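A quick write-up on the structure given underneath.
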Amino acid sequence: MDAVGHWTVRHSHTLYDNEYFRLRRDACELPGGSALPRYYVWEVADWANVIALTAQRELVLVRQYRHGAGCHFYEFPGGVIETAEADTPASAAARELREETGYVPGRLEALGALYPNPALQNNRLHVFLALDCARVGPPELEPGEDLVTELVDLDAYLRDNGLGLPRHALMLAAFTLAVPRLHAIYPDLTAGD
């Protein structure tokens with residue numbers, strides 16, 4: 001198989017820019033010499049999410065409405081890594097867990113990073129596992145956040161595969177990073193095999 005080369009950006013133009021993302025249009029040359037005059041890239045800050053478990057093996061999930069899809073989803077707490085505040089992926093994961101759910105981790109482990117949509121976006125989703133989480137207070141939601149914290153038994157989550165709500169692809173992808181570690185921590189975990 002031939003090696004795949006990098007594209008050369010001949011020029012780039014910002015189409016839209018706000019505090020959340022930047023949309024740019026690139027004119028690219030492919031390794032074989034052909035031109036791609038309009039390729040759109042959505043520049044977004046990196047995100048962090050946290051698969052959080054209490055000492056009782058309950059997942060700390062948030063249920064929220066996602067307007068783009070028009071329905072509710074179970075999700076792992078998470079959000080933007082604030083580069084202006086010198087946030088790290090780990091500090092963002094712990095902060096988002098606390099703000100969205102009122103829980104803090106006893107231990108926090110990095111599981112890896114995923115690219116949400118590398119064809120169109122430049123950012124990564126950093127995934128963490130939080131163990132022995134404890135509730136220290138109520139959630140501290142930001143304006144525009146409308147979510148509910150729910151504790152769900154880990155075995156039930158694995159068995160019921162989404163608990164009846166539509167599946168969020170990024171959450172399922174993140175969870176696949178956690179499964180080997182969860183099996184190491186909980187050898188009796190058999191659901192979802």
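Everything quoted here is computed from the prediction, not taken from an experiment. Atom set for the values below is all heavy atoms of this structure, side chains included, hydrogens, waters and symmetry mates excluded.
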For this session: For E43 and R24, run side-chain contact (heavy atoms from CB on, under 4.5 Å): C-alpha distance rounded to whole Å, both residues' side-chain angles, the deciding distance at 0.1 Å, then the answer.
Result: CA-CA 8 Å; E43 295 180 6; R24 74 171 201 260; 2.5 Å; yes
Exercise. Checking side-chain contact (heavy atoms from CB on, under 4.5 Å) for the pair E100/E145: CA distance, chi angles, key distance, verdict?
Worked result: CA-CA 9 Å; E100 291 187 356; E145 284 186 312; 3.3 Å; yes
For this session: Tell me, with the steps shown, if L182 and L53 meet side-chain contact (heavy atoms from CB on, under 4.5 Å).
Result: CA-CA 10 Å; L182 292 172; L53 285 153; 3.4 Å; yes
For this session: Just do the side-chain contact (heavy atoms from CB on, under 4.5 Å) check on Q121 and V41 with the steps written out, would you?
Result: CA-CA 6 Å; Q121 291 173 227; V41 178; over 6 Å; no
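In this structure, the side chains of V104 and R95 stay at 4.5 Å or more apart for every pair of heavy atoms. A heavy-atom distance below 4.5 Å is not found between the side chains of F128 and I51. Residues N49 and L170 have side chains not in contact (no heavy-atom distance under 4.5 Å, counting atoms from C-beta outward).
Side chain of D87 to backbone of E82: a donor-acceptor contact under 3.5 angstrom is found. For the pair H183 (side chain) and L189 (backbone), a donor-acceptor distance under 3.5 Å is present. Using modelled atom types, no side-chain atom of S34 and backbone atom of L30 make a donor-acceptor pair closer than 3.5 Å. Using a distance-only test at 3.5 Å, with no hydrogens or angles considered, a donor-acceptor pair links the side chain of N18 to the main chain of Y20. With hydrogens and angles ignored, the 3.5 Å screen pairs no side-chain donor or acceptor of D153 with any backbone N or O of E58.
Smallest separation of non-hydrogen atoms from F76 and V50: CB-O, 3.3 Å. Annotation for W47 and P116: closest pair CZ3-CG, 3.4 Å, computed over non-hydrogen atoms. Contact record, L61 with Y74: CD1-CD2, 4.0 Å, taken as the closest heavy-atom pair. The two atoms that bring V80 and A92 nearest to each other are O-CB, 4.2 Å, heavy atoms only.
Using a 4.0 Å cut-off between charged nitrogen and carboxylate oxygen, R66 and E75 count as a salt-bridge pair.
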Please report, to 0.1 Å, the donor-acceptor pairs under 3.5 Å made by any side chain of residues 107-115, with sequence neighbours excluded.
from, atom 1, to, atom 2, distance (Å)
E109, OE1, R181, NE, 2.7
E109, OE2, R181, NH2, 3.0

Donor-acceptor pairs under 3.5 angstrom involving side-chain atoms of residues 130-143: please list them, not counting sequence neighbours.
from, atom 1, to, atom 2, distance (Å)
E140, OE2, R98, NH2, 3.0

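One hydrophobic cluster holds both V152 and M171 under the rule that ILVMFWY side chains link at heavy-atom gaps under 4.5 Å. Grouping the Ile, Leu, Val, Met, Phe, Trp and Tyr side chains by contacts below 4.5 angstrom, directly or via other members, places V62 apart from Y65. Cluster membership for L158 and I185, using ILVMFWY side-chain heavy atoms within less than 4.5 angstrom, is shared. Under a hydrophobic clustering in which Ile, Leu, Val, Met, Phe, Trp and Tyr are joined whenever their side-chain heavy atoms come within less than 4.5 Å, directly or via other members, L129 and V179 fall into the same cluster. Under the 4.5 Å side-chain contact rule for hydrophobic residues, I81 and V127 do not share a cluster.
Less than 6.0 angstrom separates the ring centroid of F175 from the ring centroid of Y157. Under the 6.0 Å cut-off for aromatic ring centres, F21 and Y16 qualify, their centroids lying closer than that.
The salt bridge (charged side-chain N to carboxylate O under 4.0 Å, His left out) test applied to R124 returns D46, not counting sequence neighbours.
At a cut-off of 3.5 Å, with distance as the only test, a side-chain donor of T14 or R22 sits close to an acceptor on the other residue.
The residue from L15, D26, L120 that alone fulfils the side chain to side chain contact (heavy atoms under 4.5 Å, CB included) condition with Y40 is L15.
Summarising the local packing, CG of D146 is surrounded by 12 or fewer heavy atoms from other residues, nucleotides or ligands at distances under 6.0 Å.
In this structure, the separation between SG on C28 and NE2 on H11 is 9.0 Å, given to the nearest 0.5 Å. Interatomic distance, NE2 of H13 versus CG of L23, reported as 10.0 Å (0.5 Å rounding). Atom NE2 of residue H126 and atom CG of residue L177 lie 12.0 Å apart, to the nearest 0.5 angstrom.
A cation-pi arrangement, defined by a distance under 6.0 Å to the six-membered ring centre and an angle within 45 degrees of its axis, is absent between R25 and Y39.
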